[in-house]
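Source: prediction; values computed, not measured. In what follows, residues are counted from 1 in the order of the sequence shown.
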Amino acid sequence: MTGPSRGRLLQLGSLVQYPGPGKILIREGDYSRFVLIILDGVVKVTGQVYGGRDALLSIRMAGDLVGEFAALDEGPRSASVITCGAVVARIIKASEFLDSLRRDPDMSHAVSRSVVAKIRAANARRVDFSGCDIQTRLLRVLYEITVTYGTRTGNQSLIRWPLTQPELASLAGGAEPTVHRILRHLRKNGVISTGYRTITVLDLERLHRLAYPENRGVTG
């Protein structure tokens, strides 16, 4: 969300700070209804799957809105939101959030676009999961994270947060040993490099070609 509507939204609620990783900001199944705007830092969105295991569903960073689904439909939280490190956010009561949407059509439209974008991304991932092998799914996850959240310099992009291999496996819907093997192959072939809490895409164009062989050029 950008522009004047984002500025007005940022005036709502109050500032909160979370000093480190592992803090549960929103818990799956709860009936809380507050909304968070991430101002600085990274959070991960997780959901429980069969057997009680947590699966990583998405990543949210500065500028992202989280928790709006429960505020809009009054249902239980559909996922948990957990800090990956120090996070600064604004917390907004549901009543204040909804009242602002009613009074501000531009803000309401911006929030609606944000919700639709999340639903489109979730639908696209379902299609990938049903029609692609694990290598293609992982390549697409890496590419989408890189172009959305990475720090880009020319044909390279740096992802700066503790995204673990188990979490990458969750996002791609694959087994951790398989993800480890694919990442090793990508490192060996000069597509990526990995460091402490970082992944660097060394050749963004090549990653795109591998992830989307049916398309031409680089998007995003």
Side chains of [X] and [Y] in contact at under 4.5 Å (non-hydrogen atoms):
X	Y	value
Asp104	Leu9	no
Met107	Leu101	yes
Leu36	Val87	no
Thr136	Arg140	yes
Glu74	Arg33	yes
Tyr149	Ile159	no
Asp99	Arg102	yes
Ile26	Val43	no

Nearest-0.5 Å distance that lies between atom [atom1] in [X] and atom [atom2] in [Y]:
X	Y	atom1	atom2	answer
Leu12	Ile91	CG	CD1	12.5 Å
Lys44	Ser80	NZ	OG	11.0 Å
Leu210	His208	CG	NE2	10.5 Å
Thr198	Leu158	OG1	CG	6.0 Å
Leu57	Thr46	CG	OG1	6.5 Å
Ile38	Tyr18	CD1	OH	8.0 Å

Can any side-chain N or O of [X] pair as donor or acceptor with the backbone N or O of [Y] at less than 3.5 Å?
X	Y	result
Ser114	Ala110	no
Thr194	Ile199	no
Thr200	Ile192	no
Asp64	Met61	yes
Asp203	Gly190	no
Arg137	Ala172	yes
Ser58	Val45	no
Arg90	Leu39	no
Glu28	Gln48	yes

Do you know which two heavy atoms are closest between [X] and [Y], and how far apart they sit?
X	Y	answer
Leu168	Val141	CD2-CG1, 4.2 Å
Ser32	Ala70	O-CB, 3.9 Å
Val179	Gln165	CG1-O, 4.2 Å
Ala175	Ala169	C-CB, 4.2 Å
Glu167	Leu56	CB-CD2, 3.3 Å
Thr148	Glu144	OG1-O, 2.7 Å

Item to check | Lys118/Glu68 under side chain to side chain contact (heavy atoms under 4.5 Å, CB included): CA gap, chis, key distance, verdict | outcome: CA-CA 11 Å; Lys118 291 178 181 179; Glu68 72 274 25; 2.7 Å; yes
So if you build clusters from Ile, Leu, Val, Met, Phe, Trp, Tyr with side-chain heavy-atom gaps below 4.5 Å, do [X] and [Y] land together?
X	Y	result
Phe34	Val115	no
Val42	Leu142	yes
Ile145	Ile134	yes
Val191	Leu204	yes
Leu171	Tyr212	yes

Next on the checklist: Tell me if the CZ atom of Arg27 is crowded by more than 12 foreign heavy atoms within 6.0 Å.
Outcome noted: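 Not buried by this count: 12 neighbours or fewer within 6.0 Å.
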Checklist entry - Crowded around Lys23 NZ? As in, over 12 foreign heavy atoms under 6.0 Å? => result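 Atom NZ in Lys23 is not crowded, with 12 or fewer foreign heavy atoms closer than 6.0 Å.
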Checklist entry - Just by distance, with hydrogens left out, do His109 and Arg113 show a side-chain donor and acceptor under 3.5 Å apart? => result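 Judged by distance alone, the side chains do pair up.
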Checklist entry - Just one of Asn189, Leu183, Ile182 clears the side chain to side chain contact (heavy atoms under 4.5 Å, CB included) bar with His185, so which one? => result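 The option that passes is Asn189.
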Item to check | Steps toward side chain to side chain contact (heavy atoms under 4.5 Å, CB included) verdict (Leu139, Leu186) | outcome: CA-CA 10 Å; Leu139 290 167; Leu186 292 173; 3.8 Å; yes
